[in-house]
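Contents: one structure, followed by commentary.
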Amino acid sequence: MNAEVVGVARAKQRIRLSDDPDSPEFVLDLTATSLGRSLTRMLELANGYLEASGRADEAAANGDGDAYAEAAGGVAQAYEGIVAAMLGADAWDAVLGYVFDGEKPAATEVAVAVAPLVEYLLEKFNFALGVSRRKAKAKYLEPENDPDAI
């Protein structure tokens, strides 16, 4: 009989940007302590990203290249904060150095090239936060008092 694989991830995971041997490696800390410490900052960054992304979408729809470039700067700034919050203060420079081979990129380039990493980090953060929230609810709420209970 084969055992079912549950798929539990480590609370601290080593991640790389690619399979390239020169790719930097980081530790993604999804422990409850780390999530709690970064929650407020991540919410601020997510709101900044959503605002800048909305401006970029509007500028692109209107064909306003200058407004798009300005909004892309806001997206890149939010990305920098998210990467630093999730992977450490030095991670942003390491990511840019690797992705752009040491060259200084424009904000519009950063907004496109780093998007997959930020999406990955936010997905991991949101999943871990959801698991943590469900554990707390199970511990402190009786089923009849749980607004999400069926």
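Values in this document were obtained by computation on a predicted structure and should not be read as measured data.
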Item to check | I82 CD1 to L117 CG distance, which is reported to the nearest 0.5 Å | outcome: 9.5 Å
Item to check | Smallest separation among heavy atoms of A107 and G73, with atom names | outcome: CB-CA, 3.6 Å
Checklist entry - Rounded to the nearest 0.5 Å, how far apart are OG of S34 and CG of L28? => result 8.0 Å
Checklist entry - Is it true that R41 and E44 have a side-chain N and a carboxylate O under 4.0 angstrom from each other? => result yes
Next on the checklist: Quick check: is V112 connected to L122 through a chain of hydrophobic side chains (ILVMFWY, heavy atoms under 4.5 Å apart)?
Outcome noted: no
Checklist entry - In the single-linkage hydrophobic clustering (I, L, V, M, F, W, Y; side-chain heavy atoms under 4.5 Å), do L35 and V27 co-cluster? => result no
Next on the checklist: Is there a continuous path of hydrophobic side-chain contacts, each under 4.5 Å between heavy atoms, that joins M86 to Y120?
Outcome noted: yes
Checklist entry - Does L50 share a hydrophobic cluster with V114, counting links as ILVMFWY side-chain heavy atoms below 4.5 Å and allowing steps through other members? => result yes
Checklist entry - side-chain contact (heavy atoms from CB on, under 4.5 Å) with F26: which of V83, L17, L121? => result L17
Checklist entry - Does CD belonging to Q13 count more than 12 external heavy atoms closer than 6.0 Å? => result yes
Next on the checklist: What's the separation between atom CD in E25 and atom CZ in R14, rounded to the nearest 0.5 Å?
Outcome noted: 5.0 Å
Checklist outcome for this item: Closest non-hydrogen contact found for G48 with A78 is C-CB, 4.4 Å
Checklist entry - Where do G74 and A52 come nearest, in terms of heavy atoms and distance? => result C-CB, 3.6 Å
Next on the checklist: Is there a path of hydrophobic side-chain contacts, each under 4.5 Å between heavy atoms, that joins Y68 and V110?
Outcome noted: no
Next on the checklist: Looking at N47, I'd like to know if its CG atom is crowded, meaning that more than 12 non-hydrogen atoms belonging to other residues, nucleotides or ligands lie closer than 6.0 Å.
Outcome noted: yes
Checklist entry - Can you name the closest pair of heavy atoms from A85 and L45 and give their distance? => result CB-CD1, 4.4 Å
Next on the checklist: Show the nearest heavy-atom pair for residues S23 and S18, with the distance to one decimal.
Outcome noted: OG-N, 3.2 Å
Checklist entry - Can you check whether D22's main-chain N or O pairs, donor with acceptor, with D20's side chain at less than 3.5 Å? => result yes
Next on the checklist: Just so I know, are the side chains of K124 and L30 near enough to count as touching, which here means a heavy-atom distance under 4.5 Å?
Outcome noted: yes
Checklist entry - Just wondering, more than 12 heavy atoms not from E119 lying within 6.0 Å of its CD? => result no
Checklist entry - How far apart are the C-alpha atoms of L96 and Y79, what are their side-chain angles, what is the distance that settles it, and do they pass the side chain to side chain contact (heavy atoms under 4.5 Å, CB included) test? => result CA-CA 11 Å; L96 292 186; Y79 282 2; over 6 Å; no
Item to check | Between T31 and D29, a side-chain donor and acceptor under 3.5 Å | outcome: yes
Checklist entry - Between S53 and V75, which heavy-atom pair has the shortest distance, and what is it? => result N-CG2, 3.8 Å
Checklist entry - Taking everything shown except Y49 itself, do over 12 heavy atoms lie less than 6.0 Å from its OH? => result no
